[in-house]
Amino acid sequence: MSARFWAIVILFFGIIPPVAAQQRGGPAGAFDFYVLALSWSAGFCAVEGDAKGRDQCAAGRGLGFVVHGLWPQNEQGYPTDCGPQGRMPTSMAMDVARDVFPEQGLARYQWRKHGTCAGTSPAQYFADAKAARARVVIPKAFQGAAGENRVKPGDVVRAFVESNAGLRADMMALSCRRGVLDEVRICLARDLRGFRTCAEVSRNSCRSTEITVPAVR
């Protein structure tokens, strides 16, 4: 897609252009840092989850920010589907995933696409995703949010920065689709002990003037 095409898309829809992935099947463990993707569950459901009949979208789940994935990332681009494809998570590994992801199918997909590039076992990948999630404090404004709100993307970023010591705006990105809050992406060091800068990720943040934050279901 041309730069002009993405400029028009960004202007009218606030959709960020995708970051070009590296070649599929790259060497496992060869990456620079992690991106923890936290989906606003009600936003995901409004944009695509309802249409797909996802279990996490059922009324009464009460889900706010949930783990979408833990993604190995490079300074430019990211590896995917590093294999081996036959290495499926065991039932014990899925027990770990159950504490992290809103759905088991999502956990398996994230392992196949991103976890295989981490250079660890499925159980360790899910444990790392759990540790990454524990590293991030969700701002109070998004804990048990009951009603739909209209906010500025910069205010969401600022709330996360103020709630997490050491986090800066250039260490994260906000994703929006169709004018709806989709997810927050936070960059972490490989050892998951701290946040780190990620220019390519942060510059692809939501550019809408305002976005809708759907109410928790």
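Keep in mind that what you see is a predicted model, and the values were worked out from it rather than measured.
- Side chains of Ser41 and Phe65 form no contact here, defined as non-hydrogen atoms less than 4.5 Å apart.
- Counting heavy atoms from C-beta outward, Met88 and Trp111 have side chains that stay 4.5 Å or more apart.
- Taking CG of Leu174 as the start and CD of Glu183 as the end, the distance is 9.0 Å to the nearest 0.5 Å.
- The side-chain tip of Arg168 does not point at the ring of Phe195 from less than 6.0 angstrom away and within 45° of straight on.
- Nearest approach of Val47 to Arg178, heavy atoms of both residues: O-NH1, 3.1 Å.
- Here the side chains of Arg217 and Arg61 are not in contact, with every heavy-atom distance at 4.5 Å or above.
- Arg193 CZ: 12 or fewer foreign heavy atoms inside a 6.0 Å radius.
- Counting only distance, with no hydrogens or angles, the side chain of Arg133 and the backbone of Val136 share a donor-acceptor pair below 3.5 Å.
- Residues Asp155 and Arg158 have side chains in contact (heavy-atom distance under 4.5 Å, counting atoms from C-beta outward).
- Within the model, atoms OG of Ser175 and NE2 of His68 stand 9.5 Å from one another, a figure rounded to the nearest 0.5 Å.
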*Evaluate side chain to side chain contact (heavy atoms under 4.5 Å, CB included) for Phe160 paired with Val137, printing each intermediate quantity in order.*
CA-CA 8 Å; Phe160 271 85; Val137 176; over 6 Å; no

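- Inspection of the Glu200 and Asn204 side chains reveals no N or O donor paired with an N or O acceptor under 3.5 Å.
- The structure places SG of Cys198 at 9.5 Å from CE of Met172, a figure rounded to the nearest 0.5 Å.
- Side-chain contact check for Glu148 versus Thr212: some heavy-atom pair is nearer than 4.5 Å.
- Across Pro89 and Phe126, no two heavy atoms sit closer than the pair CB-CE1, 4.0 Å.
- Ring-plane geometry between Phe142 and Trp40 is classed as perpendicular, the angle between the planes exceeding 60 degrees on a 0 to 90 degree scale with a lower cut at 30.
- Considering all non-hydrogen atoms of both residues, Val161 and Ala169 come closest at CG2-N, 3.8 Å.
- For the pair Thr116 and Cys82, the tightest heavy-atom approach, listed with the atom from each and the gap, is OG1-N, 3.1 Å.
- Side-chain contact between Val35 and Tyr78 is absent, with no heavy atoms from C-beta onward closer than 4.5 Å.
- Glu103 pairs in a side chain to side chain donor-acceptor pair (under 3.5 Å) with only one of the listed residues (Gln56, Arg108, Arg54), which is Arg54.
- A distance of 12.0 Å separates SG in Cys176 from CD in Glu210, rounded to the nearest 0.5 Å.
- The structure places CG of Leu38 at 11.5 Å from CG of Asp182, a figure rounded to the nearest 0.5 Å.
- In this structure, Asn74 and Phe33 have side chains that are not in contact, with every pair of non-hydrogen atoms separated by 4.5 Å or more.
- Distance check, rounded to the nearest 0.5 Å: CG of Leu167 to CD of Glu162 gives 11.0 Å.
- Between Pro102 and Val66 the shortest heavy-atom distance is CG-CG2, 3.9 Å.
- At distances below 3.5 Å, not a single donor-acceptor pair connects side-chain atoms of Asn149 with backbone N or O atoms of Val151.
- Here the side chain of Tyr125 pairs no donor or acceptor atom with the backbone of His114 at under 3.5 angstrom.
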